[in-house]
Amino acid sequence: NAGVTQTPKFQVLKTGQSMTLQCAQDMNHEYMSWYRQDPGMGLRLIHYSVGAGITDQGEVPNGYNVSRSTTEDFPLRLLSAAPSQTSVYFCASRLHRDRAYEQYFGPGTRLTVT
Amino acid sequence: GENVEQHPSTLSVQEGDSAVIKCTYSDSASNYFPWYKQELGKRPQLIIDIRSNVGEKKDQRIAVTLNKTAKHFSLHITETQPEDSAVYFCAAIISGGGADGLTFGKGTHLIIQP
């Protein structure tokens, strides 16, 4: 199993541009989520999905969209990038929403918005 | 929602000494408390966790204690080694209760001095 994979590893955007961060898992996990990590702020939940076709907002959802058309993929879309979205983004998955003790993180995407 | 406070933000100890990182949580319904280690440029990795029906858990040089009454839990690392240098995050969640995202502390940068 590849586990949780993310692409790209690094990205530089200009203010106003849009892009999609990709996340995929091959463990047949129902639950997937996106976090952003900023210095001194820990990891904050952006959006999550408890299964294909079901998504919901986390703590910091503004400026981001998600969709979950398949069990494997959970892309994160930045609609109009802003410098405040400069961060490291981690995708995470676990078997089921109630199985928090089996959560796995992807390798991260470092995004810079200029 | 849940709020997790973590202290200290930076901890420097001599190699071979012990290190203790403390976290408090606000929601008495939280019942699962993982600790993650994040090396520079890497993804967070689960190192130990504890559930609310247990007061202490050990795994070789690391241990976690939980005080449900006071709503705090701690990570203890004994006989510290250079490879213990990293950022450590605590987290809390109501596992099985429908809450979906781990709430993280802001992290502790542990520095092991040779």
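Given the structure is predicted, the values throughout are model-derived calculations rather than measurements. Throughout, protein chains are lettered first and strands after them, A, B, ... in sequence-line order, and every chain is numbered starting at 1.
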| request: Taking all non-hydrogen atoms of both residues into account, name the closest pair between F90(A) and Q38(B) and its distance. | output: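 Shortest heavy-atom separation between F90(A) and Q38(B) comes out as CZ-NE2, 3.4 Å.
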| Closest approach of F105(A) to R43(B) (non-hydrogen atoms, all atoms of both residues) |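 Minimum heavy-atom separation between F105(A) and R43(B): O-NH1, 2.9 Å.
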| request: First locate atom CD of Q103(A), then atom CD1 of I93(B), and finally report the distance between them rounded to the nearest 0.5 Å. | output: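 It is 7.0 Å, given to the nearest 0.5 Å.
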| field | Distance in Å, F89(B) CZ paired with Q37(A) CD, rounded so as to fall on 0.5 Å steps | value |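 F89(B) CZ to Q37(A) CD: 4.5 Å, rounded to 0.5 Å.
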| task | Answer with side chain, backbone, both or neither: which region of P44(B) has an atom nearer than 4.5 Å to a non-hydrogen atom of chain A? | result |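 P44(B) touches chain A through backbone and side-chain heavy atoms alike.
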| query | Side chain, backbone, both or neither: which part of L102(B) has a heavy atom under 4.5 Å from chain A? | reply |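 Both parts, heavy atoms under 4.5 Å.
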| said: Just checking R110(A): does its CZ atom have more than 12 heavy atoms from other residues, nucleotides or ligands closer to it than 6.0 angstrom? | reply: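 12 or below, so no.
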Cluster check [X], [Y]: I/L/V/M/F/W/Y, side chain < 4.5 angstrom:
X: V4(A); Y: F104(B); answer: no
X: Y89(A); Y: V113(A); answer: yes
X: I62(B); Y: L110(B); answer: yes
X: L45(A); Y: Y64(A); answer: no
X: L46(B); Y: V64(B); answer: no

| message | Need one label for L43(A): side chain, backbone, both or neither, based on atoms under 4.5 Å from any heavy atom in chain B. | response |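 For L43(A), heavy atoms of backbone and side chain both lie under 4.5 Å from chain B.
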| Quick one: what part of Y35(A) sits under 4.5 Å from any heavy atom of chain B, side chain, backbone, both or neither? |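 Interface part for Y35(A): side chain.
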